[in-house]
Amino acid sequence: MSVMVDDPSVRTPLVLGGHTFASVSDAVCAPVEQKAPKWWVASFAVALSLLALLLAMLSKLVWTGVGVWGLNNPVMWGWDLVGFVFWVGIGHAGTLISAILFLFRQKWRTSINRFAEAMTIFAVMCAGIYIAFHVGRVWVAYYLFPIPNSMAMWVNFRSPLMWDVFAVSTYFTISLLFWYVGLIPDLATLRDRAVTKTRKIWYGIFAMGWRGANRHWQHYERAYLILAALSTPLVLSVHSIVSFDFAVSQLPGWHTTIFPPYFVAGAIFSGFAMVVTLMIIARKLFKLESFMTMHHLETMNKIILATGTMVGYAYAMEFFIAWYSGNPYESFAFVNRAFGPYAWAYWTMISCNVIFPQLFWFKKIRRSIPAMFVISIIVNIGMWFERFVITATSLHRDFLPSSWFYYSPTWVEVCQFIGSFGLFLTFFLLFLKYLPMIAISEVKAIMPEADPHHHGGDHV
Amino acid sequence: MSSEDKVSMYVFPKWVNRLPIYFLLGGGALFVGIIFVFWYWFSPKHLEVGYMPTQPIPYSHRLHVSELGLDCRYCHTNVETAAHANIPTTETCMNCHSQIKVDSPHIKKIKQSLDTGVPIQWVKVHKLPDYVYFNHSRHINAGISCVSCHGRVDQMEVVHQAKPLSMSWCLECHRAPENHLRPAAYVFKLDWKSPNQKEMGMRIKEAHSIRPGEDCSTCHR
Amino acid sequence: MTSQRVIGLLGSFPSPAAVLKAAESLRDAGYQRFEVYSPFPIHGMDRAMGIKDSPLGWIVVTCGLIGLSGALLLQWWVSVEAYAIVTSGKPLFSFQAFVPICFELMVLLSGFGAVFGMFSLNKLPQLYHPLFRKQSFLRATSDGFFVSVDADDPRYSQVETADFLTSIGSVTVETIEE
Amino acid sequence: MSSIDQPTWRSIEEKEGDVSVQPFVDREFQDGASVLDEGVSRRTFLKMMGASLALAGVSGCGMVRRPKQFIHPYAVAPEGVVPGESIHYATAMAIGHHVTGLLIESHEGRPTKVEGNPLHPHSGGAAGVWHQASVLGLYDPDRLQKPTFKKEVSTQALYLDWLSSRLTDAAGDEGASMLVVSEALASPTSHRLLAEFQSAFPKAMVVMADPFGADRQVGALRAMTGSSVVPMPRYESIDCLVSVGADFLGVSPDALRATRAFALRRQPEHVRGMNRLYVLESHYSLTGTKADHRFRLKPSDLERALVQLARELLARAGGSGLLQSVVGSLPVKKVLPQAVVSAMASDLLSPNRTSALVAGDEQSPFVHGLVYAINGLLGANGNTIDYYRFPSAEFATSDAIRLGESGLKAAVAAMASGVIKTAVLLGGNPVYATPGDMGFAQALSKVPHTVHLTHYHNETSAACGWVLPRSHYLESWGDAKALDNTVSIVQPLIEPMGLSVSDVSFLASLLSDATAFPSDLDAVKATFQGSGSAKDTVWRQWLRDGVVSKGTPTDVPVPTTFPFTPTPVSRSGLEVVFYPDYKVLDGRFSNNGWLQELPDPISKLTWDNAAYISSFTARTLGVKTGDMMALSAGGRHVDTVVMVQPGAADGCIALVGGYGRTVDGRVGQGRGFNVYPLRQTGRSFVSGATVSPLGRTYVLATTQQHGSMEERDLAKQVTVTEWDENPHFAHKKHAFPLTSSWKELAYDEGNQWGLAIDLSKCTGCNACLIACQSENNIPIVGKDQVANGREMHWIRLDRYFVGSVDEPEVRHQPMTCLQCENAPCEQVCPVSATVHSKEGLNDMVYNRCIGTKYCSNNCPVKVRRFNFLDYHQRNPQSVAKRRQHLFDYMREPDPSVQKQFNPEVTVRMRGVMEKCTYCVQRISKGRIRAKNESRALLDGEIKSACMQTCPADAIVFGDIRDPKSRVAHMKSNRRNYAILEELHLKARTTYLASISNPNPQLVKES
C-alpha cells in the first residue's frame, strides 16, 4: 500500500534544520550539560516517591507473605505475572529497534534507538523485580540458580520458569552491553566537551579512552553488528520463552501453540507504543523535534498498526482453534473469556488492542501528535489487560468446576504495580539527564555530509 | 591558559592505563576467593564437624566403652528398634552408680535427678534439620555401624560431631552403601575394620537386597 | 615540553572526504603506521588505509560454541548424572526441554565475546593517550578529522612527513610528544 | 544473625517458663520432655531454612551452634514408652447418648490422633469428624483451667465447702430444693451415681437432656409400649429403606455404624444386590444425597405423606389393628403423587425383600409412633430393626428423674416457682440451647445457688455462681454404654491440663462431703465390681480392647396405645425445621477450629450457619444467598442469613443449631446465628413463621462456589439397569490413543502405591477430611481466608448438583492428590521441589520449595495448597501473640495447639506449597518395620489416614502391583475410572463410578 512505503525518489530527511556535525553534538549534549530544568526536578521527585512506594510494598510482601496479594487457590498467579509479562513486553521495542532495524539498515532508527534501548533496560529491571518477588520465599530464591551445594541438589531444567531465569538475565545483560557499546563514542564526545574536572573524569572513565581511531571504529562496528545479529534472535526467543510459561502448561487457555509468535507481536506492539509515548514527551521538552521527526513517529505508528492487527488476528485465531480442536475444556475456556466473569477485562483488551490502533490507517491520525499520544497509551493499557486476561481468566475456571474461584487484586498488588513505574521513571529520568538520549555518532554518520563522496559538505 | 582550558585539558595520568589489568586480575582473584570461602568454610564439613559442647556431666565414652567394655546398646537401648537412639534414663546410670563412685559430685547430680525426677539436660550434639527423618533402627539392622555416622565415639572423652551430616554426605552412602555395610556382628564394634570393605559390602548388599531409597520422601515427609 | 620524546605527527582535515583522500595518499606513499581519527566511522576508510578485516567474528563464534556446548553439558550432567530424578515421568535426558537454555547461554557468551573481544582488540580501556593532551584533538569526537603518523613508521621523518601531510591537505600539523 | 537464633532460644526458655507458671504443662511433660524439645524444633524448622546460610555463617566461628539444643531423657522410663514411637490406647467417646469406641495415638504422653476401635460395634474402626476433632479440643487454650465463683478465680476446696453446706441444706427437705440438670450422659457410673443421689435425696429433681437427641423417639416408643427402647436398624440387611426425615448417615452420632452397614449394600457387587433408599425430608441432608428417590416435603407434609404411605400399605397388606385405627381416622391430603406412593408401597411389600422405615430423631412423636407401627406391619421390628433398652432410661426408674425436653420443662417450672434453691448443672448449655419459649434463663436466674461443670465458659456458666472446669474425656476415667448396650471403659491418656473435674468425680462429690473430689477411677471400678473389675487381668483386658461387654437386643415391645396426633400447623406463613450442625452439632463443638473450618457437606459453608431455603421460596420472599433476614415465629425472632439450597422443600426454612454463641472461646464466639430462640417446646418444627428482609448482606465463606459439573464427566453415576446394559460405561473412548511421545516408565518394581475411592459407597461425611487434617498438621486459616479461597485441606469433598435446581441429585467426590505418574506439577517446578518417587508417589519437598506456585497452576485438579500467610502463626485457635521485636514472627505457634501436632509430619511454613502425600509418613513407618523384620509388606498394613477412618470403607489404599491387594482388586472393577483420563495423567488415585438403584416403576414415570 502506497501509504506504507516511502517513495525512494523523495526520501524524507532524517535530520532537519540544517545541522552541522558540531551543531548535532551541541543540540544533543545540551540537555546533559545545562542544569536540570524545573519539570525534570519535579518529575524526578514524583518518580522517587513512586519508587519508595514500590519498596514499601515489596517489604510488606516479604514481611507478611504472598497472602497480602489477592491470589487464591485456582488463581495462583495474578498481577505479579501480569506485571512481569507487561514489563518484559515493553522491554522488547528497544532491542528490536536497535537490532532488527539496524540489520535491515533502517537509517531512521538512529535518532531513537538509544532512547528505546534505555527504555528496554529499565523495563526489564521492573520485570526482574516481579519475577524475583512473586515467589513465596524470596530468601531462598537462590535455589533457582544451578549452584553446587552441600545438599547435592540441582535445578529442574525442564521448567519454563528455569528457562525464564536464563532468558531474562541473558536478555538484560546483552541489552545492557549493546546499549553501553553504543554509548562509548558519545561518552567520549561528552568527555571532550566537558568543562569541569569531575565530568571529565567520570565521562572519561566510561568512555574508556575512546578517541575515534579508525582501527577502533573497525572492530567497534563489527562488534555492534554482531551484537545486533545476536540480539535479534534473542529478543524473539525471550518473549517466546516468556510465553512458554503459559504455553508449556496444560491449562486450557494457556496450552496454545500460537503463543510464541503472538506474544512477540504483542511485545513489539506494546514496546513501540511505549516508545512513542515517551518520545512525544521527550522531543517536546528537549526541543529535539529536528531529530525525532514526524517521519519517525509516523513510521512507528505504522508498525503499531501492523503489530496491533497481528495481535487481533491472534485473538481471532485462538477462538477458531478452540472451536476447531473440538476440545471441550479449550472451547469453554475461550467462551468463558469473552462472556464469563472476566468479560469486562476481555472486551477492554479487544477495544484497546484491536480497535483503536486501526485509526492509524488514516494519515491524519498517524501524524497527529495528540492522537498518537492517546492511542499509544490506550495500547499499553490494552496490552496490560491482554496479560491479565490470559493469566486470570484461564486460571479461575479450569478443569474441575469444584475449584472455580474469582480473583481480584488487593491494594498491595495495585500499589506495587504503580510503584514499578517509579523504578522505571527514576532510571529513565536519570538517563535523560546524564546521557545523550540520541546516538550522536550514528546520527552524524547518516548525515549527507558524512558520506566522503558527498560534495560541498565541508564548512571550513 | 585560562583555568577553564586547564580543566578542559584534564588528562588522566599515564599510570592509569595500568589499572584495568590490575582490576582484571584482582577481580578474578576475589571471585575465586569468594567461591573458595563458600565452598570450604561455609560447608557443613567445616561448620558442623567438631562441634563439642560441654555436657552437664562429663561422661566419658572412652572410659565406659573402650576400657569398661560397655556395649552401645546398654545405654542406647532402643537403637535397634526405634527411630531415635535414646539417651539413657537416669535409672540406667544408677544401675551401676548406685554402688560405684556414689560420692562423686557428678554422680550425686544424677542421684538427685533420679530422686526429683527432673531429667538431666544433655546438650544435643548430632542434629539433623527438623524436616529430616532419620531412623536408627533401619540403618543398624541394615548393617550400618554407628561408626559410619558418629565416628569413633568409643575413643571420645567428650562426644563431638565427627561427620558433616549434610544431605550430600547422606547421599554418598545411600548411592553406594557397600562402602559402609558390614555384618550384623560388627555393627557395634566401632574399632572393627573390614580388610576388603567394598567387596564384602557388595556381598551383603546382594544377600539382603539392600536398596537404600534415594527419593525425597525417603527422608523428608 | 621540549624534553619529551616525539612519537609522531598529527594533521587535521576539514571533512570526511578530505581525510579519506589523505589516508589513501599516505597508504600509496607507503606509510603503514598511521591512524585516522573521526567522530564517526567513515565509509571505505579501511580500504583507504589498507588495513585487514577484523578477526572479531572468530572470537565470537568460539565463545558461542563454548556457551552452547557448556549449556548442553551442564544440563545433561545435572539431569542425568548428578541429580537423576524422575519428573513428570519424562526421560532423564529430555533434550527438547534443554534447547532454550542452550540457545540463551550461546547468545550470552557470544555477546561477551563480541564486547570484550572488541575491547581487547582495541586495547580499551586506555584512559591516557598522548593525543588527549592536544587541545585541537578535542574536536575528534565532535567534528574534527585527524590523521596521525607514528614516529616509528619506516617512512617517517619529522620534516618530510609534516610537509607531506600539508601537501595532502592537512590544515594544521602538530607534533605529538610522549 | 542473633535475630535468627534468638527466637528459638526464647521459645525454649518460654517452655521452661511455662513449666513454672502452669503446673499442668509441667505434669504433662515431665515424662515427655525429650519429645517436647523435639516437637518445638520440629515446628521452627522451616523458619530457619530462610536463614540457613547466615546461620551456618555464624555457627562457623569456633564451632558454636546456636540455638543450642537440649535433650531431656526420662529420669525414670515410663512403662512401654519408647521415645519417638507412638502408642495406641483404647477408650471411648460419648456424644450425648451415642458412644464410639476409639483408639488414641499418643506420642510420649501427648494424644495426637484419634482412630476408631475396630472391636467397637459403633465404630468398626471408623471415627467421625467430632471424634477426630476432639483431640484438638483437648489442647484448646480456651478450655477452663480453674474453678471460679461469681467470675472470681477460686479453689476446689472452697467449692467443696460450699457444696457440703448446700447438701446439708438439701438434706433438710429431702432435696426438694435441689435440682440437677445434666447433659445426656451415656456413662453407667454416672447413671449409678445419679440414681444413688436420687435415693439419697428422694425429693430432688434430676433432669438429663440434650438440645437434639434420641429422647423424643424413646419417649414416643415408651408412650406406646411402656418400655424405653431404642431402635437399631441393621442397615446391611435392609433391602428397601425409607427415611422419614432421618439423617442416619449424616448428623447422627450413630452415623459411623449406619454408614458402614448401609454402604455395604451400595455396591452393586454385593451378593444380595443393592439396597434402595427413599428419603422424605425438608432440607437436603447427607442421607438425602444417597437417596435413590428423594422427596422434598415441608415438615407438615412429611407427616401427611407418611399417613398417605401408611394407608397405601394397609390397603395392600391388610391392616394390623392399631395402625388401622390410627390412620383410618386421619384426614388424607395427597402430598405425594399416587403413582409414587403405590410404587413405594409395592416396593416395600415386595416379597422376599426386607424393608423398613427410619424416623429422624427430630421428628414428632406422631411420626415416630407411625413409623414404629408401619415397621411392625412390614415385619421389620425384631427382624431388620433390633430394639435395645435405652441406657439412660435404665436408671430413670423414679419419676423424679426426667429425660429430654419434658424434663427440662419441669425443671424450668420448678426453678420459676422458686422452690429450687440449688441448681447443679453438669455440662451442656441449657441457657443457650433450650427453646426460646421455655424461658430457662429467666428461671435459672431465680435460683440463688448454682454450679456449672463445663469445658468452656459459655452462656450457662455466665449465669451460674460456681463454674468448675470439666475434664476432657481424654483426661478422665469413666465408662460409656452405647445405644446397643456395648459397654466401654473410658481411660485417660493424659493428666488433666487444668484444675478440672471429671463427670464421675463431680457426681460422686454430690454423695460425699469429702474435702477433695472422689477419685473417678474408684467410682468406675465400683460400678464394675460385680463383673470382676477387681481382677486386674480382666480390667486390663477391658482397657486393652476398649470393650467390656456387647449388648443384646430386647424383645420387641408390643404397642398398646397410640396417643399422638399430627402436629397442628397454622395455614399461613412458613414452616421452620431445626437440625443439629454437621460440624459443631448442637454447639458443644463450636470452639473447635477444625470443625468450624470444615465445609458443610451439602452447602460447603464454613465458619457460619445459615437459613437454607429453596430457590422457589427465595424468589417468593425476594431474597438471595447472603441476604440477612429477620425470621419470626411465636412472638420471637432471630436475624439470620439466607442461603439458597437446591433441593430444599418449598415453603420451609431449615435452621441449623449450634451457632450464634454469645459467650464462647475465641473460635466459636459470634460465629453465625443462634436459632434456638425460635424453637418451641414439644414441637418438632415451627409453623406460621414470617420473614422480613433486613436489607443487609453477610459474607458467607464457602469452599466451593460452583455446584454444577458443567456436563463434564467427573463424578460418574448411572443406575443399576443402565450399568447392566453397559458395564463399561465408566471407560471413555478417546479420540486418539493415550500415549506419550517418549518411552514411559514402567514402575514395575517394589511397592507401587495407589488409592481407589468407591463413589457408590462414599456418603460425603467429611470424616476423611478431619482425619487428614489431624494426621498431617494442616493449619486452619480462618473465615476471611476461606472466603478468599485459601483453605488448606489436603483432601476435599467435591459436591456437585446434577439435574434441576429444585430436584437436584448430589454427587460426592473426595479429591486427593491424584499422584499422577505423568504429574503436570513436576515438570514446571524450577527447583525440583516436587518430583516422583520410585514407588510412584508425587513427592512434595517443602524445604526445597520456593513458592513459585506454578505447580498448582498446572495441577488439573487443584489439590495443591499454598500456605499464603504462615497460617500456623495466625492459628485462630491459638493464643494470639503480640510481636515483641523485628524477628518475632519466627516464634513457634501457640504451644497449646502445638501439642496436637504429629511429630512424624513436617510443619510447613508460609510461602510453601503442600499437598496430600498418601500419608507418606505412615508408608515409611510400615516399610521400615517390614524391612527390619526382613519381610514383605502385607496388604492393609499401611493405611492412609483417610482410609483408616472412612466409615463407608469407600477409600482403599495399597500396593497396586500386588494383584491380591484390595486396592488392585478395586481397580480391576469395571466401575473403576480415572478422572480427566484424557489428559493422560496416569493418576494413581482412581474412582469407582457410583451406581444408583432407583425403582424402575418410578423411573418410567419420570
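Hydrogens, waters and symmetry mates play no part in the numbers below; they use all other heavy atoms, side chains included.
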Should A:E318 and A:R337 count as an ion pair when the cut-off is N to O under 4.0 Å?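 Salt bridge between A:E318 and A:R337, a charged N being under 4.0 Å from a carboxylate O: yes.
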
Between D:K732 and D:D713 (salt bridge meaning N to carboxylate O under 4.0 Å), is one present in this structure?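 Salt bridge between D:K732 and D:D713, a charged N being under 4.0 Å from a carboxylate O: no.
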
Please step through ring-ring contact (aromatic ring centres under 6.0 Å, His included) for the pair A:F339 and A:Y346, ending with a clear verdict. CA-CA 9 Å; A:F339 307 106; A:Y346 180 80; 8.1 Å; no

In terms of heavy-atom pairs under 4.5 Å with chain A, which of [options] leads?
options	answer
D:P860, D:G911, D:S832	D:P860
D:C859, D:P830, D:A833	D:P830
D:E982, D:Q785, D:K604	D:E982
D:P824, D:S856, D:C829	D:C829

Would you find a donor on one side and an acceptor on the other, under 3.5 Å apart, between the side chain of [X] and the backbone of [Y]?
X	Y	value
D:E597	D:V781	yes
D:R908	D:T906	yes
A:W87	A:V82	no

Could you have a look at [options] and say which one has the most heavy-atom pairs with chain D under 4.5 angstrom?
options	value
A:P146, A:S403, A:G136	A:G136
A:Y329, A:F405, A:W254	A:F405
A:I131, A:L144, A:D80	A:L144
A:V155, A:V68, A:D164	A:V155
A:W163, A:F145, A:F332	A:F332
A:A141, A:S394, A:S402, A:S408	A:S402

Can you name the nearest heavy-atom pair linking [X] to [Y], along with the distance?
X	Y	result
A:V88	A:A127	CG2-CB, 3.3 Å
D:P814	D:I795	CB-CD1, 4.4 Å
A:M125	A:F172	CG-CE1, 3.5 Å
A:S331	A:A322	CB-O, 3.8 Å
D:N858	A:L251	OD1-N, 4.3 Å
A:W139	D:M909	CZ2-CE, 3.8 Å

Portion of [X] that has a non-hydrogen atom of chain D nearer than 4.5 angstrom:
X	value
A:W154	backbone
A:V248	both
A:F244	backbone
A:L71	both
A:N327	neither

With a 4.5 angstrom heavy-atom cut-off, is it the side chain or the backbone of [X] that approaches chain A, or both, or neither?
X	result
D:V786	backbone
D:R864	backbone
D:L714	side chain
D:E826	backbone
D:A787	backbone

Listed by residue number, which members of residues 702-710 of chain D have a heavy atom under 4.5 Å from any heavy atom of chain A?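 Listed by number, the contacting residues are D:T702, D:T703, D:Q704, D:Q705, D:H706, D:S708, D:M709, D:E710.
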
Evaluate ring-ring contact (aromatic ring centres under 6.0 Å, His included) for A:Y407 paired with A:Y342, printing each intermediate quantity in order. CA-CA 10 Å; A:Y407 156 78; A:Y342 282 115; 7.4 Å; no

Before you tell me yes or no, could you show the steps for A:Y130 and A:L81 under side-chain contact (heavy atoms from CB on, under 4.5 Å), namely the whole-Å CA-CA distance, both residues' side-chain angles and the distance that decides it to 0.1 Å? CA-CA 7 Å; A:Y130 266 109; A:L81 262 280; over 6 Å; no

Apply side-chain contact (heavy atoms from CB on, under 4.5 Å) to the pair D:H734 and D:H984, showing each step before the final yes or no. CA-CA 11 Å; D:H734 298 286; D:H984 195 41; over 6 Å; no

Is the NZ or CZ atom of D:R712 positioned over A:F399's six-membered ring, under 6.0 angstrom from the centre and within 45° of the axis?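 Judged by the rule (NZ or CZ under 6.0 Å from the ring centre, within 45° of its axis), D:R712 is not positioned above A:F399.
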
